[in-house]
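Presented below is the structure to which this report refers.
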Amino acid sequence: MTRVTDEDRRRWDERYAILGPAQLIAVAPPDFLEPYVDVLPTTGHALDLACGQGLGTVWLARRGLDVWGLDVSPRAISRARDLARRSGVDSKCRFDVVDLDDGLPAGPPVDVILCHKFRDRRLDRAIIDRLAQGGLLAIAVLSEVDAAPGPFRATVGELPAAFAELDLVAASEGHGQAWLLARA
């Protein structure tokens with residue numbers, strides 16, 4: 001698995017600098033979750049892995065969850081904190097700069113793990129173990145299905161296989177994306 005380099009971190013910071021702050025209107029569930037929002041809890045604790053500017057984190061907090069957003073980019077985390085403040089949910093959000101190459105930071109079990117557009121196979125076991133009983137994993141990644149292979153793309157059937165011990169709620173792959181919703 002390819003590790004994030006200092007150059008990668010700089011590139012992500014530059015990308016977030018160009019994007020500018022996220023707009024409040026952009027706070028919404030990721031597209032793959034829209035048909036399943038009723039499956040997600042409205043109380044409890046959540047982790048948002050590679051949270052970027054915090055759109056998913058803030059959306060989950062607006063639903064009522066206490067959410068911890070993690071990202072490798074200090075600029076993204078700064079923007080995420082600002083978005084949470086502007087959305088009035090900063091008391092329900094915590095954000096930290098974390099290099100997930102070092103694994104998931106220690107913490108208690110959570111009711112939801114959101115992982116949108118990030119894939120690191122080395123984290124699969126830690127993700128499963130971090131879910132509370134009945135907890136929900138919502139993961140969407142780039143995929144080789146209908147797209148070119150790449151180091152950060154899931155192979156055909158990879159997500160259902162990686163998370164087979166969880167109870168599948170829904171999954172799909174195609175057009176360069178794979179996603180899965182599953183319960184512990």
Side-chain angles (χ1 to χ4, degrees), residues 12 16 22 24-74 76-141 159-160 162-163 165-172 177-184:
W12 280 112
Y16 289 117
L24 292 177
I25 197 165
V27 175
D31 291 343
F32 80 100
L33 275 182
E34 284 183 16
Y36 303 96
V37 293
D38 292 339
V39 174
L40 279 89
T42 55
T43 61
H45 300 282
L47 270 178
D48 186 358
L49 306 180
C51 70
Q53 295 190 85
L55 293 169
T57 309
V58 169
W59 176 72
L60 288 169
R62 283 181 174 178
R63 285 184 61 80
L65 288 113
D66 293 308
V67 192
W68 187 13
L70 309 171
D71 201 279
V72 72
S73 167
I77 291 298
S78 175
R79 296 269 171 84
R81 287 179 179 135
D82 178 63
L83 180 64
R85 182 192 53 74
R86 289 185 287 126
S87 296
V89 293
D90 49 323
S91 66
K92 298 191 76 52
C93 296
R94 169 183 168 191
F95 295 98
D96 286 306
V97 176
V98 172
D99 185 346
L100 293 169
D101 280 344
D102 299 327
L104 289 184
V110 295
D111 304 292
V112 175
I113 294 178
L114 175 61
C115 187
H116 188 226
K117 297 183 181 177
F118 173 76
R119 180 77 178 121
D120 187 336
R121 293 161 188 89
R122 297 169 299 176
L123 296 176
D124 292 352
R125 171 81 302 183
I127 288 170
I128 292 167
D129 291 345
R130 187 50 103 33
L131 286 169
Q133 184 61 37
L136 188 69
L137 170 62
I139 182 170
V141 300
L159 293 181
F163 299 104
E165 70 187 78
L166 301 177
D167 294 329
L168 183 66
V169 174
S172 182
Q177 179 174 291
W179 63 267
L180 174 137
L181 224 54
R183 253 187 221 296

Is a donor on one side and an acceptor on the other found under 3.5 Å between the side chain of [X] and the backbone of [Y]?
X   : Y   : answer
R81 : F95 : yes
D48 : G69 : no
S87 : L83 : yes
K92 : R62 : no

To the nearest 0.5 Å, tell me how far [X] [atom1] sits from [Y] [atom2].
X   : Y    : atom1 : atom2 : result
D31 : W179 : CG    : CH2   : 11.5 Å
L60 : L40  : CG    : CG    : 6.5 Å
D96 : C51  : CG    : SG    : 9.5 Å
D71 : Q53  : CG    : CD    : 9.5 Å
L47 : D111 : CG    : CG    : 10.5 Å
L65 : H45  : CG    : NE2   : 8.5 Å

Should [X] and [Y] count as side-chain neighbours, where that means a heavy-atom distance under 4.5 Å?
X    : Y    : answer
I128 : E165 : yes
R183 : V39  : yes
I127 : L49  : yes
V72  : V97  : no
L131 : P109 : no
L137 : L181 : no
V37  : W59  : yes
R119 : D124 : yes

Minimum heavy-atom distance between A182 and L166, given as atom pair plus value: CB-CB, 3.7 Å

Shortest non-hydrogen contact between A80 and G52, atoms and distance: CB-O, 3.9 Å

Cationic N near anionic O, under 4.0 Å, D82 to R79: no

NZ/NE/NH1/NH2 to OD/OE distance under 4.0 Å, D66 and R94: no

Other residues, nucleotides, ligands: >12 heavy atoms within 6.0 Å of E34 CD: yes

Residues in ring pair (Phe, Tyr, Trp, His ring centres under 6.0 Å) contact with H116, at least two apart in sequence or another chain: F32

Intermediate values then yes/no, side-chain contact (heavy atoms from CB on, under 4.5 Å), F163 and I139: CA-CA 10 Å; F163 299 104; I139 182 170; 4.2 Å; yes

